[in-house]
Amino acid sequence: MPNNKLKIFNDPIYGFITIPNTLVFDLIEHKYFQRLRRISQMGMSYLVYPGAHHTRFHHALGSMYLMQKAVNVLRFKGVTISNDEETALYVAILLHDIGHGPFSHAMEHSIVNEISHEEISLAFMEKLNSEFNGSLTLAIEIFKGKYHRRFMCQLISSQLDMDRADYLKRDSFYTGVAEGNINSERLITMLNVVNDELVIEEKGIYSVEKFLIARRFMYWQVYLHKTGLVAEQMLTRVLQRAKELVKTDVSLEASEPLTYFLKNDINLSNFNNDSLEIFSRLDDYDIVSAMKSWQYHDDFVLKNLCDIIINRDLLKIKIKNKPIKTSSLKEHKEALMSEYNITEAEANYFVFNGKITNQAYKKSKEQINILFKTGKVKDIIKASDQLNLNALSKPVTKYYICYPKNKM
């Protein structure tokens with residue numbers, strides 16, 4: 001095959017994205033990475049925002065593009081980054097989301113148990129490292145946050161990393177929610193390193209303020225939007241019910257990879273190379289295809305959950321500032337049980353409650369530090385003259401209840 005590996009992608013947000021080297025090209029070409037074309041970036045949000053059909057593949061490339069910008073900016077400012085470190089940064093950010101399951105976060109606690117997508121990403125990276133003769137070793141060290149040069153780990157995972165810098169801008173673009181649009185290129189231009197920690201120069205303080213406010217908007221308006229929230233909750237329950245039925249020897253039509261995860265309780269202790277390989281064959285299409293079939297199943301719960309999602313006739317959801325009263329849940333459950341002659345366990349799939357929390361900035365985690373011309377470094381909360389930034393660091397919790405609005 002011809003060795004034409006320095007390709008160019010045309011991205012609707014940044015324009016042309018160049019592949020920096022042959023290792024990155026080969027990783028993009030790999031079937032594990034190509035799978036991300038079939039993993040939705042925003043789960044069920046397309047049921048609210050019709051344009052939100054972009055994928056983890058888009059996001060991974062965009063994050064790598066921003067990392068290229070960051071490396072160039074830091075080198076220009078005298079920060080030493082070797083060629084090996086540069087490649088490791090590109091690989092780590094490119095593969096940071098490779099472990100996401102179908103519909104991203106929606107499936108994280110129903111396909112597998114107590115395994116985060118970060119842990120699965122690490123398993124994929126270690127498998128790829130053995131295939132690529134150890135060339136991902138440094139990238140894995142940075143991804144795990146164990147590399148001695150702290151700022152490199154912060155570029156991958158922190159409160160102002162290349163992941164967030166891309167997904168806020170990208171998700172804002174594809175949903176059309178203008179309030180979430182951030183100037184990621186200006187933020188990156190203001191980056192610097194002091195005592196091996198990532199900082200933002202004083203001139204970029206207003207861009208950081210805009211970034212945090214945009215993050216708050218995106219969580220309330222998009223990521224925690226009540227319709228997307230109830231759709232993701234129902235999708236999780238579809239898989240829970242399917243697992244329940246399969247364990248009682250009920251026959252369900254599903255793809256081979258999905259059937260494997262329905263039949264087996266896969267957790268961190270038994271997630272091995274075989275599980276990883278089967279997981280790599282699982283994507284959004286498996287779930288949608290299964291639901292299209294299951295909406296005609298005999299089981300009342302599975303049939304109705306799938307029908308509700310496929311035809312977007314979702315449950316009613318109400319969001320309150322105070323915890324949901326037990327009496328309210330009981331009332332809706334009893335009405336459903338009486339109407340359809342179903343058990344309380346079955347009614348629990350359609351009537352449930354929960355809570356959501358939004359915290360744009362976490363003081364307890366790694367801070368976003370501002371570098372002043374005097375050389376002093378201050379946390380953004382103390383450096384900013386915006387009084388509302390302190391409010392953004394406090395978690396806001398809301399409570400929700402879901403129940404059927406129409407006859408099923």
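From a predicted model like this one, the values you see are computed outputs, not experimental measurements.
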Set of ring-ring contact (aromatic ring centres under 6.0 Å, His included) partners for F151, sequence neighbours left out: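 ring-ring contact (aromatic ring centres under 6.0 Å, His included) list for F151, sorted by chain: empty.
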
Looking only at atom types and distance, does a side-chain atom of S121 sit under 3.5 Å from a main-chain N or O of H96, one as donor and one as acceptor?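 Yes: the side chain of S121 pairs with the backbone of H96.
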
S157 side chain to C153 backbone, donor-acceptor under 3.5 Å: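 Checked: no pair found.
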
Just checking, R237 and F352: is the charged tip under 6.0 Å from the six-membered ring centre and within 45° of the axis?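 Checked: cation-pi criterion met.
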
Within 45° of the six-membered ring axis of F372 and under 6.0 Å from that ring's centre, is NZ or CZ of K378 located there?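 Yes.
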
Under-4.0 Å salt bridge between K7 and E29: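 Result for this pair is no, no salt bridge flagged.
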
Under-4.0 Å salt bridge between R170 and D11: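 Answer for the salt bridge query: yes.
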
Assess, by modelled atom type and distance only, whether the side chains of [X] and [Y] contain a donor and an acceptor separated by less than 3.5 Å.
{"X": "H54", "Y": "D171", "result": "yes"}
{"X": "Y167", "Y": "S63", "result": "no"}
{"X": "E201", "Y": "N192", "result": "yes"}
{"X": "D84", "Y": "S82", "result": "no"}

Derivation and outcome, salt bridge (Lys or Arg N to Asp or Glu O under 4.0 Å), residues K31 and E277: CA-CA 11 Å; K31 64 180 182 179; E277 195 59 39; 3.0 Å; yes

Side chain to side chain contact (heavy atoms under 4.5 Å, CB included), paired with Y147, selected from K144, R149, R150: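 For Y147, the side chain to side chain contact (heavy atoms under 4.5 Å, CB included) check succeeds only for R149.
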
Ring centres of H53 and H58 under 6.0 Å apart?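 For H53 and H58, the ring centres are not under 6.0 Å apart.
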
